[in-house]
Amino acid sequence: MNNELKSKTVGREPSCTLVVEHPSVSRLHAHIQLADDGLVFVLDVDSRNGTFLNRNDSWIRVRRVTLCVGDRIRFGEVEVTLEHLTGVFGNLANTRLEARHFPLRDSNNHAKSSAQQVGHGALLQKPKRNPATGKIEEDQPN
């Protein structure tokens with residue numbers, strides 16, 4: 001199997017595959033890459049205003065990221081939909097996104113219900129600390 005990445009460009013330049021006309025977007029801002037297995041990556045090319053990923057309700061600046069279901073991408077100040085990003089490879093391209101990453105608060109709820117279903121007993125709880133000393137206080141039986 002050939003491991004070559006197919007690559008498209010994002011930026012203000014008319015020669016880019018995906019042209020984003022906004023002053024916060026660099027002339028050549030990023031590459032959108034398609035792997036042989038269909039996964040889609042975004043690679044920032046040292047743009048001045050950055051490429052940002054929103055996953056789990058938090059924007060972070062990224063240099064290279066594999067796109068997942070539910071992700072949001074921003075080039076500088078301009079958000080571009082996943083459909084536009086994957087669409088640059090055409091309708092016949094075999095593009096796919098990784099499974100959605102869930103926030104920790106959801107996974108903790110899932111972990112609690114899973115532990116209760118399989119009968120692993122009580123889950124660990126945060127220890128009680130003495131507010132004056134900061135030492136952990138053990139529960140005293142009544």
Side-chain angles (χ1 to χ4, degrees), residues 1-140:
M1 176 184 247
N2 182 0
N3 288 330
E4 181 180 322
L5 291 172
K6 296 167 190 74
S7 186
K8 304 292 183 178
T9 55
V10 177
R12 278 193 341 253
E13 281 291 315
S15 61
C16 288
T17 313
L18 180 60
V19 177
V20 182
E21 295 181 18
H22 191 273
S24 68
V25 176
S26 298
R27 287 184 185 104
L28 175 59
H29 198 98
H31 290 281
I32 307 167
Q33 298 176 326
L34 177 64
D36 284 340
D37 63 1
L39 288 177
V40 180
F41 303 89
V42 173
L43 175 67
D44 184 89
V45 289
D46 295 325
S47 63
R48 174 177 276 197
N49 293 311
T51 299
F52 296 86
L53 169 74
N54 186 312
R55 182 176 288 166
N56 302 328
D57 299 325
S58 178
W59 285 104
I60 57 170
R61 189 171 183 162
V62 294
R63 306 228 4 121
R64 183 177 191 271
V65 65
T66 304
L67 295 180
C68 296
V69 174
D71 283 349
R72 295 168 58 196
I73 292 287
R74 197 177 78 211
F75 301 104
E77 297 174 11
V78 179
E79 187 171 342
V80 177
T81 65
L82 294 179
E83 291 79 18
H84 276 102
L85 291 177
T86 57
V88 298
F89 295 103
N91 294 335
L92 300 177
N94 184 26
T95 60
R96 68 183 182 90
L97 302 174
E98 284 278 15
R100 180 165 174 89
H101 292 263
F102 293 98
L104 291 176
R105 64 181 174 270
D106 288 344
S107 64
N108 285 341
N109 291 338
H110 177 69
K112 285 180 184 177
S113 64
S114 296
Q116 291 167 352
Q117 288 173 357
V118 292
H120 286 286
L123 296 172
L124 294 177
Q125 295 181 1
K126 191 173 185 178
K128 293 180 184 176
R129 292 193 180 268
N130 181 314
T133 64
K135 293 184 179 181
I136 296 174
E137 296 178 343
E138 293 185 26
D139 288 334
Q140 300 294 326

Approximate separation, where rounding is to 0.5 Å, of [X] [atom1] and [Y] [atom2]:
X   : Y   : atom1 : atom2 : value
T95 : L67 : OG1   : CG    : 10.0 Å
L34 : R96 : CG    : CZ    : 10.5 Å
T9  : L28 : OG1   : CG    : 6.0 Å
I73 : L53 : CD1   : CG    : 4.5 Å
I32 : K8  : CD1   : NZ    : 9.5 Å

Taking all non-hydrogen atoms of both residues into account, name the closest pair between [X] and [Y] and its distance.
X   : Y   : answer
A30 : V42 : CB-CG1, 4.4 Å
T51 : S47 : N-OG, 4.1 Å
R12 : H22 : CD-O, 3.1 Å
E77 : S24 : N-OG, 2.8 Å

Using distance only, find each side-chain donor-acceptor pair of residues 82-90 under 3.5 Å and give its atom names and separation, not counting sequence neighbours.
residue, atom, partner, partner atom, Å
H84, ND1, T81, OG1, 2.8
T86, OG1, L82, O, 3.0
T86, OG1, E83, O, 3.4

Output all residues satisfying side chain to side chain donor-acceptor pair (under 3.5 Å) with [X], sequence neighbours left out; order by chain, then residue number.
X   : answer
N49 : none
T66 : none
R72 : E79

Practice prompt. Scan residues 55-77 for pairs that pass ring-ring contact (aromatic ring centres under 6.0 Å, His included), counting only residues two or more places apart or in two chains.
Written response: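 Checked against ring-ring contact (aromatic ring centres under 6.0 Å, His included) - neighbours excluded - the pairs reaching residues 55-77 are H29-F75.
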Item to complete: Output every pair passing salt bridge (charged side-chain N to carboxylate O under 4.0 Å, His left out) with a member in residues 38-49, not counting sequence neighbours, ordered by first then second residue.
Response: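 Sorted result for residues 38-49: D46-R63.
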Worksheet item: With R27, which residues qualify under salt bridge (charged side-chain N to carboxylate O under 4.0 Å, His left out), at least two apart?
Response: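 So R27 forms a salt bridge (charged side-chain N to carboxylate O under 4.0 Å, His left out) with E13.
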Worksheet item: Does R74 reach the main-chain N or O of G50 with its side chain, forming a donor-acceptor pair under 3.5 Å?
Response: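 The answer is no, because no donor-acceptor pair under 3.5 Å joins these two groups.
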